[in-house]
Amino acid sequence: MSVHATETAAAGTRTRLNLVRLREMAARDEPITMLTCYEATLARLVDAAGVDVVLVGDSLGNVVQGRSSTLPVDLGHMAYHTECVARGLASSWLIGDLPFGSYEASPQQALESAITLMRAGAQMVKLEGGGPMVETVRFLVDRGIPVCAHLGLTPQRVHALGGFRVQGRDAAGAEALVADARAMAEAGAAMLVLELVPSAVARQVRAAAPGLITIGIGAGPDTHGQVLVLHDMLGWTSGRRPRFVHDFSRDGEHARSVPEAVAAYVAEVKARRFPDPVQHGY
Ligand code: KIV
């Protein structure tokens, strides 16, 4: 059987994930796996390996476009890559990332941008930011658009934050994160990506906002799920590797294929062996 046929057979054993099933997984504490993806062929491999959620992240600015930040990514880029990924998926839930400048001006602007991504195939949109975005989240949710919030290190605000640094390290920062997460849950966000925060703060956020499915990246092992940038976990990214990233393309001396590496990620997250609280946490 060809590689393609094997993957198709594996994908065929899963039914399409939806928000109800994701909430059920979170409620029974089954770890949720998420990876970024930007194109159809890799989307097919990621889906076939059993990844629950695929995020077309604006990190495509870094790993696809070769830029040093996500700020130049625009809605046209996101819609194009969301369409490509949607064509490769059979089972995974698909999130499209609202890029910098496409949602901050008003709830109406966010709605128009979200509609563009949903028409491209996204089933949920993600946006960065806390308090000032609460009204926008409510506006989208009231109009039938599932929303994933994003708190902690929010790369679109890298200049305001003074660089890519751990957020919520002091008591005031941690309190603000918890308050923002609560507000997002009350506004109707279904999911929350928590990026680069101490594991203890991620635990507080999860406890304080029980309605949210929490997905961590550099947030320790206690969120409902984990996300990594696909190119990072495949060892394709050059430069210093952040502490929270594990290179799944190697198993000791043995080099793994892309499907093997993604399957290893899924297995490690599902078994709660990744992330390791000491090696990958803050
Ligand atoms: O854009 C992205 O890839 C993200 C993830 C790092 C969560 O926002």
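Both counts, for ligands and for their atoms, begin at 1 and track the order of listing.
Proximity of T36 to ligand 1, defined as any heavy-atom pair under 4.0 Å, is confined to the side chain (atoms from C-beta onward). Contacts with ligand 1 closer than 4.0 Å are made by side-chain heavy atoms of D97 only, the backbone lying farther away.
Looking only at heavy atoms of the protein, atom 8 (O) of ligand 1 is closest to K126 NZ, 3.0 Å. Among protein heavy atoms, atom 4 (C) of ligand 1 sits closest to L55 CD2, 3.6 Å. S59 OG, 3.3 Å is the protein heavy atom nearest to atom 2 (C) of ligand 1.
An N or O contact shorter than 3.5 Å is missing between E195 and ligand 1 by distance.
Atoms of ligand 1 lying under 4.0 Å from at least one heavy atom of I217, given by number and element, are 6 (C). Atoms of ligand 1 found under 4.0 Å from any heavy atom of G57 (numbered from 1 in listed order, with element): 1 (O), 2 (C), 3 (O). Near H150, meaning under 4.0 Å from any of its heavy atoms, are these atoms of ligand 1: 8 (O).
Geometric assessment of R250 against the ring of F248 yields a negative cation-pi assignment under the 6.0 Å and 45° thresholds.
Heavy atoms of E128 stay at 4.0 angstrom or farther from ligand 1.
Taking the charged nitrogens against the carboxylate oxygens, D247 and R256 have no contact shorter than 4.0 Å, which rules out a salt bridge. Salt bridge E83/R119: absent, no basic N to carboxylate O contact under 4.0 Å.
If you check the side chains of H150 and E195, you find a donor sitting under 3.5 Å from an acceptor. One side chain, Q156 or Y103, offers a donor N or O that lies under 3.5 Å from an acceptor on the other. At a cut-off of 3.5 Å, with distance as the only test, no side-chain donor of T82 or Y80 sits close to an acceptor on the other residue. There is a side-chain donor-acceptor pair under 3.5 Å between T15 and R21.
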